[in-house]
2 protein chains.
Amino acid sequence: MKLSEGVEWGVHCGVLLATLPAGSTLSGAALAEFHGVSESYLVKHLQALVRAGILESVPGPKGGFRLARPPEQVTVLEVIEAIEDPEPAFRCTEIRQRGPAALEPSAYRLPCVVHATMLRADAAWRAALRAQTLADIAATVADRADPRGMQQAQPWLEDNVRR
Amino acid sequence: MKLSEGVEWGVHCGVLLATLPAGSTLSGAALAEFHGVSESYLVKHLQALVRAGILESVPGPKGGFRLARPPEQVTVLEVIEAIEDPEPAFRCTEIRQRGPAALEPSAYRLPCVVHATMLRADAAWRAALRAQTLADIAATVADRADPRGMQQAQPWLEDNVRR
DNA sequence: GGAGTGATACTCGGATATCTGGTGTCCGAGTTTTCGCGG
DNA sequence: CCGCGAAAACTCGGACACCAGATATCCGAGTATCACTCC
């Protein structure tokens with residue numbers, strides 16, 4: 001089990017946009033350059049975020065992507081579910097209903113215990129991710145990370161940020 | 001992101017073995033028949049459980065697989081980590097160190113905040129699965145499931161269980 | 001000088017190849033059983 | 001009747017094809033911009 005690499009890219013893009021003034025827009029090419037990743041492939045994931053209502057896309061020259069909501073209202077879980085498959089990682093194929101111990105289907109009204117256990121763990125995972133917003137991460141980065149990073153990025157941002 | 005189907009098979013096999021008297025052995029073919037899955041592929045996963053010290057394999061005729069420890073001492077997480085990749089689902093590629101804002105590597109002593117967030121969620125997931133043992137699940141099944149299931153499986157078990 | 005207008009250039013968006021990892025299967029090595037034989 | 005031994009059959013174990021989803025890329029549709037022209 002492994003998460004798509006696009007998740008990492010999407011979250012980092014969200015965090016970067018969250019650190020900028022509200023309404024700031026960056027083109028897909030700029031976002032790709034800032035993170036050092038493939039532009040075409042990154043845009044594919046950003047489109048998924050637009051479909052999910054997390055980002056807004058602005059067409060035409062001076063266009064790009066920006067947050068559709070204040071970063072305090074965007075959870076990390078939303079970003080992940082927009083890029084990855086939103087359904088639980090564990091898929092119960094109801095193997096308990098097969099084999100020599102099988103009964104009629106109506107005997108399996110109660111959920112599979114194994115399934116329920118996996119679902120509980122999945123819920124805990126999602127709860128932890130729902131508790132963190134893009135604003136939280138941006139604030140922590142601003143607090144803990146080396147301030148020279150953003151300082152060094154300043155001229156590049158002034159060249160690329162649009163609003 | 002999706003879990004391997006072998007996880008479901010492995011956990012169900014562990015639970016079935018946990019419901020039997022201690023030391024009971026079932027052949028790979030029997031376990032496959034009971035759950036209605038491919039024998040060859042199931043055995044592949046059972047071998048991983050043997051390598052992890054969860055199951056013991058007995059060679060030769062009258063051989064098979066049995067639990068290597070009391071089911072109270074086998075957590076669901078162990079079974080999953082034996083079959084799936086035991087490392088966290090999220091892989092941080094340190095994209096924060098790339099692009100125009102990049103500093104020298106020594107500036108990134110503190111962990112990536114996005115990475116830390118994902119790791120916390122992963123830890124919550126694992127904690128939930130570590131809290132459940134095969135004995136817990138077996139007990140819940142015995143308590144909640146339709147008793148006719150095991151009743152109907154009884155003759156088949158007597159034909160296939162070895163010790 | 002200002003407004004309108006058309007061409008333009010840049011953007012997003014989805015349809016299209018490639019590749020790694022999960023899925024499924026097969027045959028070989030090893031061991032216990034079991035049947036036959038001898039004592 | 002009992003012990004021994006060799007063949008056999010059944011088991012696990014790892015090596016070999018196949019397929020789906022993620023990865024990576026390209027070209028086309030759409031729009032705000034900008035320059036030019038006309039009033």
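Lettering of chains follows the sequences in order, A, B, ..., and the numbering in each one begins at 1. Predicted model only: the values in this text are computed from it and were never measured.
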Participant: Is the shortest side-chain N/O distance from B/Ser38 to OP1 or OP2 of C/dT23 below 4.0 Å?
Facilitator: no
Participant: Output the single nucleotide from C/dG24, D/dT11, C/dC10 whose closest atom is nearest the side chain of B/Trp9.
Facilitator: C/dG24
Participant: Nearest whole angstrom, please: distance from the P of D/dG13 to the NZ of B/Lys44.
Facilitator: 13 Å
Participant: Taking the inter-plane angle between the rings of A/Trp9 and A/Tyr41 on a 0 to 90° scale, is it parallel (under 30°), tilted (30 to 60°) or perpendicular (over 60°)?
Facilitator: perpendicular
Participant: Roughly how many Å is it from CZ in A/Phe65 to P in C/dC12, rounded to a whole number?
Facilitator: 4 Å
Participant: Determine yes or no for a side-chain-to-main-chain donor-acceptor pair under 3.5 angstrom, with A/Arg91 supplying the side chain and B/Leu3 the backbone.
Facilitator: yes
Participant: What is the distance from CG of A/Leu42 to C1' of D/dT23, rounded to the nearest Å?
Facilitator: 13 Å
Participant: Taking only the side-chain nitrogens and oxygens of A/Ser4, find out if one of them lies under 4.0 Å from OP1 or OP2 of D/dG21.
Facilitator: no
Participant: Okay, side chain of B/Glu84, backbone of B/Val7: is any donor-acceptor separation there less than 3.5 Å?
Facilitator: no
Participant: Just to verify, which of A/Leu17, A/Val74, A/Leu16 counts as forming a side chain to side chain contact (heavy atoms under 4.5 Å, CB included) with A/Leu134?
Facilitator: A/Val74
Participant: Go through the steps for A/Gln132 and A/Ile137 under the test side chain to side chain contact (heavy atoms under 4.5 Å, CB included), then give the verdict.
Facilitator: CA-CA 7 Å; A/Gln132 289 278 320; A/Ile137 293 185; 4.0 Å; yes
Participant: So, is B/Ser27 close to the D/dC12 phosphate, meaning a side-chain N or O under 4.0 Å from OP1 or OP2?
Facilitator: no
Participant: How many Å lie between CD on B/Gln47 and C1' on C/dT25, as a whole number?
Facilitator: 13 Å
Participant: Closest nucleotide of DNA chain D for A/Glu5 versus for B/Ala29: which of these residues is on the 5' side?
Facilitator: B/Ala29
Participant: For A/Glu8 and D/dT23, what is the distance between atoms CD and C1' respectively, to the nearest whole Å?
Facilitator: 15 Å
Participant: Among side-chain atoms of B/Glu8 and A/Thr93, is any donor-acceptor pair under 3.5 angstrom?
Facilitator: yes
Participant: Is there a donor-acceptor contact under 3.5 Å from the side chain of A/Asn160 to the main chain of A/Trp156?
Facilitator: yes
Participant: Let me know, please, whether A/Met1 or A/Arg51 comes out on the 5' side of the other along DNA chain C by nearest nucleotide.
Facilitator: A/Arg51
Participant: In what stems does DNA chain C take part, counting only runs of at least 3 consecutive Watson-Crick or G-U pairs whose two distances fall under 3.5 Å?
Facilitator: C:1-39 with D:1-39
Participant: Just how far, in rounded Å, is P of C/dT11 from CD of A/Glu33?
Facilitator: 12 Å
Participant: Counting side-chain heavy atoms from CB outward, which of D/dT33, C/dT23, D/dC10 is closest to A/Arg91?
Facilitator: C/dT23
Participant: Starting from the 5' end of DNA chain D, give me the residue, A/Asp85 or A/Ser40, whose nearest nucleotide shows up first.
Facilitator: A/Asp85
Participant: Without decimals, in angstroms, what is the distance between B/Lys2 NZ and D/dA20 P?
Facilitator: 11 Å
Participant: When the distance from NE2 of B/His45 to C1' of C/dT23 is rounded to whole Å, what number comes out?
Facilitator: 8 Å
Participant: At less than 4.0 Å, is any side-chain N or O atom of B/Tyr41 found next to OP1 or OP2 of C/dT23? Yes or no.
Facilitator: yes
